[in-house]
Amino acid sequence: MNHPSQKLVVDDVRLGHWSSRTEAFSLACDGLSFEIAENEFVAIVGPSGCGKTTFLSALAGLVPVASGRLELTGAPIQGPSPDRSLVFQQASLFPWRTVAANIEFGLKAQQRLDERGRARVAELVELVGLAGKEKAYPRELSGGMSQRVNLARALATDPDLLLLDEPFSALDAQTREVMQEELTRIWQVDGAGRGKTAVFVTHDVPEAVFLADRVVVFSSGPAHLVEVVDVDLPRPRDAAVKRSPEFQEISDYILGLVMSQTQPGRRASDHGSNATVVG
Ligand SMILES: Nc1ncnc2c1ncn2[C@@H]1O[C@H](COP(=O)(O)OP(=O)(O)OP(=O)(O)O)[C@@H](O)[C@H]1O
Ligand SMILES: [Mg+2]
């Protein structure tokens, strides 16, 4: 049954890639079932190569479902649509367009760059901390700034579902922390305290715990569901929450689940809490 508050329904989904070279289908995700509620922020973690990007691509409508049900707001996902925005690891900005023009791009393509659209762009420029940089070109930006533009561009069209695939993994550790805080702040502020429904893929377990309401743990490939872990940390969150015992406990627990996939037989208690990046 499709519960009305469930935004995204993943029901026994199998996904894979067809290779014309080998003429074979290789399975990337198998029997995935879980649901994501409206306005929920869900992170997905799992070993490298397990099928996270494939799953996110299926949500974006770029990879067809081999079997099972993948539904957004009650309708099957059948292809790309402006109601979903995808943010990749590398900010893929148009080098010949200014910051503002990059952020406006989706709205313009949808012929929605009217007065309201422009006001939205101006608001997002402020929100992601790029005021004064509107006329700059991508080559004049740092990696963190580029990723802010990327994020603002994804938010500009006011998508139903925000899909993020390791958006901060190319950034240095410090910028990454700043961007995590920025993203929670934006997500908390943008939309009456609760943000968009978001799916965030990452290798970094503390990043997942900091950002998400729930963390979905994928097995080694082909990915099946290991566990969905609730993150009962109060919002609004800031960096200080990372030092709390509750944060450590949830992170260690999830890290243990992921480690058991990459190194069978290894338990959560076998690693120190300094080990943050897996996969
Ligand atoms: N375009 C493709 N054609 C064929 N096989 C693919 C394609 N893209 C991914 N795969 C395969 O699908 C499996 C899952 O890959 P995917 O990129 O989804 O993993 P991932 O969990 O995102 O990995 P990482 O954490 O390293 O980003 C891998 O075995 C990969 O080789
Ligand atoms: Mg990936």
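Just so you know, ligand 1 is whichever comes first in the structure, and atom 1 is the first atom listed for that ligand.
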Of Ala24, Pro47, Gly49, which has the heavy atom at the shortest distance from atom 13 (C) of ligand 1? Gly49
Non-hydrogen atoms of Gly46 versus ligand 1: any pair closer than 4.0 Å? no
Side chain of Gln147, backbone of Pro167: donor and acceptor closer than 3.5 Å? yes
Cationic N near anionic O, under 4.0 Å, Glu182 to Arg148: yes
Answer yes if a protein heavy atom lies under 4.0 Å from atom 5 (N) of ligand 1, otherwise answer no. yes
For atom 17 (O) of ligand 1, which protein heavy atom lies nearest, and how many Å away is it? Thr53 CB, 3.7 Å
Measure the acute angle between the ring planes of Phe94 and Phe105, then classify it against the limits of 30° and 60° as parallel, tilted or perpendicular. tilted
Ligand 1 versus His17: contacting region, heavy-atom distance under 4.0 Å: side chain
Which residue and heavy atom of the protein sit nearest atom 15 (O) of ligand 1, plus the separation: Thr54 OG1, 3.7 Å
Tell me: protein heavy atom nearest atom 27 (O) of ligand 1, and distance? Glu166 OE2, 3.6 Å
Does Gly221 come within less than 4.0 angstrom of ligand 1, counting non-hydrogen atoms of the residue? no
Got a salt bridge between Lys196 and Asp160, using NZ or NE/NH1/NH2 to carboxylate O under 4.0 Å? no
Check whether any protein heavy atom sits under 4.0 Å from atom 30 (C) of ligand 1. no
Ignoring waters, how many protein N/O/S atoms are under 2.8 Å from the Mg ion (ligand 2)? 1
